[in-house]
Amino acid sequence: MVRSSATIGNPKAVVISHGAYMSRARGMHGIDLRADDVLYTGLSLTHINAQGTLRIGLTAGLPIVISRKFSKRQLWPICRKLTAPRSISEA
């Protein structure tokens with residue numbers, strides 16, 4: 001079980017097999033990741049999309065930046081600073 005932060009509503013447990021959980025990371029490699037990519041998420045690791053970003057970074061061997069707190073106003077300045085032109089959570 002993984003815990004979902006439930007974008008709206010209360011957090012809840014979600015049943016997912018380990019194979020299904022990890023296959024989502026392998027499936028994202030089809031988005032043409034490059035060795036110089038830096039993955040970024042502004043979501044907490046209780047959110048399944050942030051966990052996906054973490055899995056992709058770990059399986060691809062890429063650096064991952066996790067913001068302490070999401071800020072809509074700071075999203076693009078952070079991405080420019082990291083030279084991260086895209087967000088896996090948004091892909």
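Bear in mind that the values here come from a model prediction, so they are computed numbers and not experimental data. When a residue number appears, it is its place in the shown sequence, counting from 1.
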J.: Heavy-atom distance under 4.5 Å between the side chains of Tyr40 and Ile64, does that happen here?
T.: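 Side-chain contact under 4.5 Å: no.
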J.: Say you draw a straight line from CZ of Arg68 to OG of Ser44; how long is it, rounded to the nearest 0.5 Å?
T.: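 The distance works out to 13.5 Å.
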J.: Roughly how far apart are Thr41 OG1 and Leu54 CG, rounded to 0.5 Å?
T.: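 Nearest 0.5 Å value for the OG1-CG distance: 9.5 Å.
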J.: Is a donor on one side and an acceptor on the other found under 3.5 Å between the side chain of Ser67 and the backbone of Lys69?
T.: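 Looks like no, no N/O pair under 3.5 Å.
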J.: Sequence neighbours left out, what passes side-chain contact (heavy atoms from CB on, under 4.5 Å) with Leu62? Give chain and number order.
T.: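 Leu62 satisfies side-chain contact (heavy atoms from CB on, under 4.5 Å) with Leu33, Asp37, Leu39, Ala60 only.
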J.: I'd like to check the side chain to side chain donor-acceptor pair (under 3.5 Å) partners of Ser71; sequence neighbours left out, ordered by chain and number.
T.: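 None.
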